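As structure tokens, the structure follows; a few thoughts come after it.
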Amino acid sequence: QVQLVESGGGAVQAGGSLRLSCDASGRMFSSYAMGWFRQAPGKDRDFVATISRTGDITYYADSVKGRFTISRDNAQNTMYLQMNMLKPEATAVYYCAAGRYGTEWSNYGYWGQGTQVTVSS
């Protein structure tokens, strides 16, 4: 099992940057592909980015491609999401997840509690 805790959310103006972190407990972190999802009020939880177990393969939602970067440090049991050129539509609760590589939330069996990101125009 793995427990996940997100941090780094906050309020930022459009065009700004934030770096989210996802700290994992347990010794099995490197056994899981990891992902970031987000959920805006009244909307479904949407895929943002995913990274393979070793970190060599990544994939992004079209809406964030070129502006967001997912990475991981298996020695530190931590995953990151660097978000640049943020837009107001990025406002949401961001969740990290552990499981199988992919874009579907059903691929992931472990979830953090979420961190709020608010982007003002």
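Everything numeric here is computed off the predicted structure, so don't read it as measured data.
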Aromatic ring proximity, centroids under 6.0 angstrom, F47 and F37: yes
For D44, all residues meeting side chain to side chain donor-acceptor pair (under 3.5 Å), sequence neighbours excluded: none
Q82 side chain to F68 backbone, donor-acceptor under 3.5 Å: no
Please answer whether the main-chain N or O of D46 pairs with a side-chain N or O of Q39 as donor and acceptor at a distance below 3.5 Å. no
Donor-acceptor under 3.5 Å (Q3 side chain, S25 main chain): no
Flag the pair V2 / M28 as yes when at least one side-chain heavy-atom distance between them is below 4.5 Å, and no otherwise. no
Hydrogens and angles aside, do D23 and T78 bring a side-chain donor and acceptor to less than 3.5 Å of each other? yes
Give a yes or no on whether the backbone of F29 and the side-chain of R72 come within a donor-acceptor separation of less than 3.5 Å. yes
Does a side-chain heavy-atom distance below 4.5 Å link I70 with M79? yes
Is a donor on one side and an acceptor on the other found under 3.5 Å between the side chain of T118 and the backbone of T91? no
Quick one: does any side-chain atom of Y108 pair with a main-chain N or O of A33 as donor and acceptor, under 3.5 Å? no
Is it the case that the side chain of N107 and the backbone of Y101 share a donor-acceptor pair, with hydrogens and angles ignored and the cut-off at 3.5 Å? yes
Taking N84 for the side chain and G66 for the main chain, is one N or O donor matched with an acceptor at less than 3.5 Å? no
Path from V117 to W105 over hydrophobic side-chain contacts below 4.5 Å: no
Partners passing side chain to side chain donor-acceptor pair (under 3.5 Å) against S106 (at least two apart in sequence or in another chain): none
